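Just below is one structure, and these are the notes that go with it.
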Amino acid sequence: MCDTLGVLADRLDQARPFAKHRHQKPVLDVVIRLLAMPGGIDAVYQFAPRLDAAGLFHGSDWDHPDILLSQIVGRTLESPDKLIVALEATSLLRLLAIAQGRGAHPNVHAEHARHFLTQVLALNLRSFFATSDEAERASGADTQLRARLLRYIADHVGLRDVLGVLIAEIWRILEQRPIQVGPVKEMITEIAIALNQQGSEPGSERLGAERLVNALFGPTSGCIDDPGIDAYRERLSHMDDAGLLREATGFARAMHDTGLVSDYHAGFLRFAAEHQDALLVPESLGLGQTGQDCWRHYRDLVLELIEMAVTVETPQSVYGLALLLERGVLHYSPIAPALSRQIRLRLHDAVRDRLGLAFGGTITPEARLLAGVLDVLGQPLGVGQGANPTCQSARAIAVWALNDPDFLLHLIVQAGEFDTVLMHFEGQPINSADLPAGLAAGAPIDADPVSVLLVPHLDRVYAEMGRLCALRGGDPHRWINPEFHGWWVARECLVAVDVATGDLDDFEGFVTRFYESYHPQFNGARPVIHPQPAGVAVTDANARFVGWHAIAILRAAADQNGRMRIYFYNPNNDSGQDWGDGVTVSTSGNGERHGEASLSFEQFASRLYLFHDDPVPPRQSISPVPRHLIAEVEAMARQSWAAERGNRPVTLVGAS
Amino acid sequence: MPNTNNEKGYVALLGWSLNAIDAVDRFDRKYVVVAPPWAEDYCTANDIPFIPWDFDRLNERSHELAHRLKDEGVDVAIPLFEETVEWAGAVNSVLLNNPRLLGQSMLFRDKSLMKRRAQLGGIRVGVFEEAHDRGDVIRFLKRVNQTLLKLDGDPNDPIHFKAFDKSGTAGHRVVRTPEDVDNIPDEEFPALLESHLDGWEFAVEAWIKDRKIQFLNISEYVTLGYSVFVPATPELEQHRERITEEIEKLIETFDIDFGFIHPEYFLTNDNKLYFGEVAYRPPGFNALELIERAYGFNGYQGMVLAFDPKATQEELDAFFPTPVKDAKGHAGCFGVYPRRRVVSQLKVPDETANDPYFEYHELSEPLEQKVTKRMAFGTHWGLAYFFGEDPHRLRDLLKAQEELDFYL
């Protein structure tokens, strides 16, 4: 078979670029059969650089290994299309050859290749270690191939780096403090299993790993041996006051360190609440002055919230509650009674079904929703859209939680009791129950409870508002955003693109106005008061246009190096994204608060296509924006998302 | 075209074939592709020299194309498809100042004229007739079977029905009963009818220059419409001398100075060679790819040499290997047809996948689940390729594929 592969590789090599694709399929057909044979992976590894040079990847994304995404490799290797599997496998093996100094590629150097492979291994740790599992083995040849391939790569690359990469990845995500921590918990569980099975050399990787594993499975000395929740409660009943206080402090430290809450912590807080211990509750929540103050004022309410919402099935609600108290929103008069109403809310049957479908479990949908309310109010910027095209709705929930929490609670009650949401568009009532499904065909079930409840309604209302102003021409967000979100959305709306033609429309004026309204140096140091909805043209790592995306501008401020940045909220689940041409969205280390994303002001402006602004009189007293700044931004935009502006039809209502 | 040499000829390829363009682009001569306008964007994007031309409209404009190519400096036009054979004839009669070439190309395009011409040249052909409607077919079927002294109720000997101007096995039907006749669509008339010959069917690929055979390959059919391999078994190759004489007769009869022909023959049980038909263009079933796999030379590049008036005998001698002796092995392919009426997935049978002779396939996942009934030869779903040293083993392996399911 290697002879055949040689002949086919030569044929592919000789073919002109325009004819390469004719010869790729035969090569892949041989590769996939070769991979299945004993020693086949090694044979393909030997061939891989030659196949790469011959043009096996010509015309596909794999031809640009520098922009390949390690996150999707695992899924590609599981594809039912064997040719795709062969392509991905060969690509990994040629990267391995590059990493080992056996091959070369103009766009990738050995270090990059090695890093990429390490990431792939880290992200597929599960399938990797599961190979000794009988069930996996029985389930088919393809998981076999994936596992054998990953093991082959690991044998060459070494596993120590893998752990390091995985841990760095987890910390990067945790820095953003997402409400949905399921995937992170899964990864940590895998690490725990890996450490257990493999052992690992002592070192900083191991320390970082243990910090994460302990935060989940044994954050305090009372539960460090992961005894199980019942045994732990038993232990608590025998502890003295000093021991209990030590437990409380230990839990609080681990929680605020990682944003993760151990099941033991939930158990502990219930124990503390049941015993009405005035010290242990605030201590285990790790409250600061504001939080302590709220706790003292609203003690009965808080105890009620704990009683109903904090369970071992909803441990994250502990973190939500702590941050809710710390934000001080309870001092805003409608919130405490609204939460009281929430505790007593009885859900509509359809809503109960939907929450049951999404979360299952043994606690009531009401408790599940209340826990979700605590999370959202505690971590407004932790809301993520899941795998749904509903960035508008997710953004709305986040900014309401941040800015208008009693309105959010009002909507939650409407939707919870009546399974509908009533909003108005320019005086005209819109009732979500009367409307067909919006952008998300089915109700999302991979999001937090509040999103599961509200998004189907918000999505429909949003689509209906779009329909109502579809005939007006221009960008519909001009009218929708203020009506949908609230009075605090500024009434002017600037759009960089002419909706009818898709061409850039006075981009220079657009950017100038953005600087004048948002840049403290040019707007008289006026801060952003309320989060403002805005639209960005998202680009991929090659700076190619991907689509329109809804975000919210939170603030403009100088970072620790004095560089002006825009801090914004991205409803996407992971804000850290590479938008190409050096525009990498940062989520920590540049002055971001948890959940914020940031870019330098000019980089942000270069991807912006829509923002809101107050209608203001000419700003005589304010310094003019230098033209070279505008020109720079415009050049960056034209090099990226605006590169092919001209004929592209723009569908703005579908923006996600 | 890094190696183009202006001392050498400038060729025009008539028709769109990516394989041909790729091969010629890698060769050492200047070329231009003449193909329908839809190919223009692709050619521009890939730096392929291109002249848009609509071959659907008939020949009145062939003169225009000829002069356009002449002004461009083209020396000769090479047809890649049946539909461009007469265009090439018309163009070359102008480029090479030889009006005879147009008439010659007409002979290649009309299976009935071709057969008569062969007969006139003393080449042995079977019984044949032209059919303009279904009545003609029925009459021929009856007459052939009467001749064979069949009685009413005896199963008929089949006859072959071939649309006049279609290539290869497209439009080729085997007719046994009046019901078969009813199934022939109107658009396949007029057609050529031939009596059935029992025997060994094979094809020849011959590159010709200065009325001389430069390279002659014999492609052995295992089953017509299913499988073929090259070089042929020793049993067939032992007739090479006679076959060569037959090709020389074709060269004389059809007055072929240069180019590439692809005739089909029958070797009957009484050891007689019958001429089937001949085409003046590359064969279907990727036979050139098989030849390349077996001998290592590219058939399209060979065609360029055979057509180019500026090519020298030294060049040709250096280009072509010695038949049979220089072959690295035997290469064959099998045309896969789904055997079931309803299919949902492609799965290469284990027997095939694990056979050391199996190389690769070009089959696609099924797009439709329901398999349309096969009416004529020549609508396979893709090819599977084989290569090995032993021609008999290869032949039996190809035959065995017919009994296997590639689509489940």
Side-chain angles (χ1 to χ4, degrees), chain A residues 1-40 43-44 47 51 53-56 58-60 63 79-87 89-90 140-142 144-145 644 647, chain B residues 1-2 16-27 31 33 39 41-50 286 289-290 292-294 296-298 300-301 328-329 331 333 344-348 350 352-365 382-389:
Chain A
M1 211 178 288
C2 286
D3 292 346
T4 301
L5 190 54
V7 171
L8 294 176
D10 287 344
R11 211 185 270 184
L12 177 65
D13 188 36
Q14 285 168 16
R16 289 289 190 241
F18 59 79
K20 294 278 189 210
H21 64 91
R22 274 273 294 107
H23 303 281
Q24 289 166 347
K25 207 171 147 185
V27 170
L28 294 173
D29 184 41
V30 177
V31 163
I32 195 70
R33 278 182 293 135
L34 194 52
L35 286 172
M37 294 170 66
V44 175
F47 260 104
L51 294 175
L56 182 62
H58 180 86
S60 74
D63 209 19
S79 165
D81 185 342
K82 294 207 164 121
L83 297 182
I84 295 285
V85 176
L87 198 64
T90 315
D142 280 345
Q144 266 294 311
L145 169 62
E644 286 165 35
N647 307 323
Chain B
M1 290 173 287
W16 180 258
S17 156
L18 207 53
N19 279 350
I21 298 167
D22 179 43
V24 176
D25 196 273
R26 284 186 266 131
F27 203 40
Y31 76 98
V33 174
D41 289 348
Y42 192 85
C43 289
T44 313
N46 291 294
D47 287 330
I48 298 169
F50 180 69
N286 285 352
E289 248 173 68
L290 298 180
E292 181 165 12
R293 180 72 180 96
F297 76 86
N298 184 287
Y300 291 107
Q301 296 176 350
K328 288 171 281 190
C333 68
S344 59
Q345 59 154 329
L346 162 69
K347 166 116 182 34
V348 177
D350 287 343
T352 307
N354 296 330
D355 195 289
Y357 277 20
F358 175 59
E359 293 219 293
Y360 64 94
H361 69 77
E362 291 176 340
L363 301 166
S364 306
E365 289 289 338
L383 296 170
Y385 291 86
F386 299 83
F387 183 82
E389 283 191 356

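Keep in mind that what you see is a predicted model, and the values were worked out from it rather than measured. All chains are named by letter (A, B, ...) in the order of the sequence lines, taking the proteins before the strands, and each is independently numbered beginning at 1. When reading the values below, keep in mind they use all heavy atoms of this one structure, side chains included, and skip hydrogens, waters and symmetry mates.
A:Phe47 meets the ring pair (Phe, Tyr, Trp, His ring centres under 6.0 Å) test with no other residue; sequence neighbours excluded. The ring pair (Phe, Tyr, Trp, His ring centres under 6.0 Å) check on A:Phe18 picks up nothing, with sequence neighbours excluded. Legend: residues meeting side chain to side chain donor-acceptor pair (under 3.5 Å) with B:Asn19, ordered by chain and number and at least two apart, are A:Arg22, B:Glu289.
Contacts of B:Phe358 with chain A are made by both backbone and side-chain atoms, with heavy-atom separations under 4.5 Å. For B:Ile48, the part sitting under 4.5 Å from any heavy atom of chain A is the side chain, from C-beta outward, and nothing else. Contacts between A:Leu5 and chain B at a heavy-atom distance below 4.5 Å are absent for every atom of the residue. Contacts of A:Pro26 with chain B are made by both backbone and side-chain atoms, with heavy-atom separations under 4.5 Å. The part of B:Leu363 that comes within reach of chain A is its backbone (N, CA, C, O), which places non-hydrogen atoms under 4.5 angstrom from that chain.
Residue B:Glu389 qualifies as open at atom CD: its count of foreign heavy atoms under 6.0 Å is 12 or below.
The backbone N or O of A:Gly55 sits less than 3.5 Å from a side-chain atom of A:Gln24, completing a donor-acceptor pair. Between the A:Lys20 side chain and the A:Asp13 main chain, a donor and an acceptor come within less than 3.5 Å of each other.
Annotation: maximal heavy-atom pairing with chain A below 4.5 Å, among B:Asn46, B:Val348, B:Asn354, occurs at B:Asn46.
For the pair B:Leu18/B:Trp16, a side-chain contact is recorded, criterion being any heavy-atom separation below 4.5 Å from C-beta on.
With salt bridges taken as basic N to acidic carboxylate O contacts below 4.0 Å, none links A:Arg11 and B:Glu292.
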Handout entry: Stepwise side chain to side chain contact (heavy atoms under 4.5 Å, CB included) test for B:Tyr360 and A:Lys25
Key = CA-CA 9 Å; B:Tyr360 64 94; A:Lys25 207 171 147 185; over 6 Å; no

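Against chain B, the residues from residues 27-36 of chain A that qualify, each with a non-hydrogen atom under 4.5 angstrom away, are A:Asp29, A:Val30, A:Arg33 in number order.
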